[in-house]
Amino acid sequence: MSLKATCYQILTPYQEAQTHRSASKWFDMALIVLIIINVTAMMVSTVSDISQHWYTELVVIEIVSVFLFTVEYVLRVWSSAAAPQQNAPHLSERQLRWRYLKSPMAIIDLLAILPFYLSVFFTLDLRILRIFRVFRIMKLGRYSRSVQTLVTVIKNEAHALLAALSILMLFTVIAATCIYYIEHATQPEEFSSIPASLWWALVTLTTVGYGDVVPITPLGKVFGGLITVMGICFYALPAGILSSSFTAQIQLRRERFKASVETALADGELSRHDVEHIEKIRDLLAMDEEEARLIIRLLQHHHGDPHDKKTYK
């Protein structure tokens, strides 16, 4: 195996690595610790007493972290040319690297280090760019199956979510327009325009109700109560879409795991190779070990092996 391919396998999350899984796992753990330390240092640096007393240490942590994140980013870009090409087997190394550079995680990795270098090489006031340092915590998404599942859910339900959000925006504008004409004469400062009334419509429809802007006319109060009740219905749509799709993804993982176990049990028992293969699949699907064991035992019983000739784990 070439150095480039070895580097790619180590940098890949260990659940997905085909080789060098041990090295990949240790790298993942080290990078997660580095991200946690860096984010913690970023947070405590905003506390004046700590930032003054530990200024040098915090600067060292920032410089070392950015250096290591930069090395990681460069190696990921370089080794991405060794990525498997199931869907596009004829891409050149340059095309493979460009495909990786456009991926969401590569963009997050770049945004995590970009503010530091901009502040070093430019004399402009780039303090606003420091907010992008928070993207460093998003690097953990590469190692979180839950985050990856959520991203998959959002991609799968993009059209439904867009439709729901469009309805919410339309309803918010209608509510702001109505409350403006109802309350403007009584409260010209609070409801000075329809755009200004959008704040009231938003906090009312989401049932947050900060109380800084409230209707005081009888008709305005009735309309506000109606909008609050409608908000419970309408603003629950995106949450319902996401939760149902998330549940479907979890169920799909269970079905895939069951299908793999049933294939392994085709001969009536589990060999050592079957157990290792099932464990790898369980790890890839991020399934709970106890749940996986229960599924296997049920399928073993179904296949006429109630005594578990080969015990899983």
Side-chain angles (χ1 to χ4, degrees), residues 1-32 34-35 38-39 42 62-122 124 126 128-159 161-162 245 249 283-286:
M1 181 177 290
S2 66
L3 177 62
K4 189 184 303 179
T6 301
C7 183
Y8 175 82
Q9 293 296 331
I10 294 176
L11 293 176
T12 299
Y14 85 96
Q15 298 97 332
E16 303 173 9
Q18 301 298 321
T19 59
H20 300 84
R21 286 175 59 86
S22 179
S24 178
K25 186 173 184 178
W26 280 107
F27 176 82
D28 292 352
M29 294 173 60
L31 189 60
I32 289 172
L34 176 64
I35 293 171
N38 183 266
V39 172
M42 179 191 68
E62 174 70 8
I63 294 175
V64 172
S65 298
V66 170
F67 172 75
L68 294 176
F69 288 150
T70 302
V71 173
E72 177 212 358
Y73 178 74
V74 172
L75 289 176
R76 286 190 186 279
V77 173
W78 174 69
S79 64
S80 62
Q85 303 183 46
Q86 294 92 345
N87 299 328
H90 303 297
L91 293 180
S92 64
E93 290 191 357
R94 184 176 180 181
Q95 290 173 319
L96 285 170
R97 291 192 177 104
W98 176 242
R99 184 174 68 176
Y100 171 75
L101 286 170
K102 295 187 297 181
S103 65
M105 287 309 305
I107 295 174
I108 290 174
D109 290 341
L110 178 61
L111 290 177
I113 61 177
L114 190 61
F116 177 84
Y117 291 109
L118 289 177
S119 63
V120 170
F121 295 107
F122 293 92
L124 300 175
L126 298 173
I128 188 63
L129 292 179
R130 292 178 184 175
I131 194 173
F132 287 109
R133 292 168 63 185
V134 76
F135 278 94
R136 293 173 188 175
I137 198 171
M138 296 180 66
K139 290 166 65 69
L140 293 174
R142 178 181 279 114
Y143 308 102
S144 173
R145 287 293 178 181
S146 299
V147 173
Q148 294 175 13
T149 301
L150 180 59
V151 172
T152 301
V153 167
I154 293 175
K155 287 181 179 179
N156 293 342
E157 302 296 336
H159 293 292
L161 287 172
L162 183 60
S245 183
Q249 285 293 323
D283 202 14
L284 285 171
L285 296 176

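Just so you know, these numbers use all the heavy atoms, side chains as well, and skip hydrogens, waters and symmetry mates.
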Original post:
Quick one: salt bridge (charged side-chain N to carboxylate O under 4.0 Å, His left out) pairs with a partner in residues 5-15, sequence neighbours left out?
Top reply: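 Counting only pairs at least two positions apart or across chains, no salt bridge (charged side-chain N to carboxylate O under 4.0 Å, His left out) contact touches residues 5-15.
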**OP:** Specify the closest pair of heavy atoms between Leu101 and Ile107, including all atoms of both residues, with the distance to one decimal.
**Re:**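 Looking at all heavy atoms of both residues, the shortest contact is O-CG1, 3.8 Å.
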Original post:
Minimum heavy-atom separation for Ile10 to Ser24, with atom names?
Top reply: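 Reported closest heavy-atom pair: O-OG, 3.2 Å.
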State which residues pass side-chain contact (heavy atoms from CB on, under 4.5 Å) with [X]; sequence neighbours excluded, sorted by chain then number.
X	value
Ala83	Tyr8
Ser80	Arg97, Tyr100
Val64	Val60, Leu68
Gln249	Thr149, Thr152, Val153, Asn156, Leu252

**OP:** Using a 4.5 Å cut-off on heavy atoms from C-beta on, say whether the side chain of Ile32 contacts that of Met29.
**Re:**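 The answer is no; the side chains never approach within 4.5 Å.
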Original post:
Side chains of Phe67 and Glu62: closer than 4.5 Å at any heavy-atom pair?
Top reply: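 They are not in contact (no side-chain heavy atoms under 4.5 Å apart), so the answer is no.
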How many angstroms lie between atom [atom1] of [X] and atom [atom2] of [Y], to the nearest 0.5 angstrom?
X	Y	atom1	atom2	value
Thr6	His20	OG1	NE2	4.5 Å
Arg21	Asp28	CZ	CG	10.5 Å
Ile108	Ile113	CD1	CD1	13.0 Å
Leu11	Trp78	CG	CH2	9.5 Å
Phe69	Asn38	CZ	CG	4.5 Å

Subject >> Pairing residues for Lys25 by the side chain to side chain donor-acceptor pair (under 3.5 Å) criterion, not counting sequence neighbours >> reply: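 For Lys25 there are no side chain to side chain donor-acceptor pair (under 3.5 Å) partners, ignoring immediate neighbours.
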Checking [X] side chain against [Y] main chain: does a donor-acceptor pair fall under 3.5 Å?
X	Y	value
Ser79	Leu75	yes
Gln95	Ser92	yes
Arg76	Ala106	no

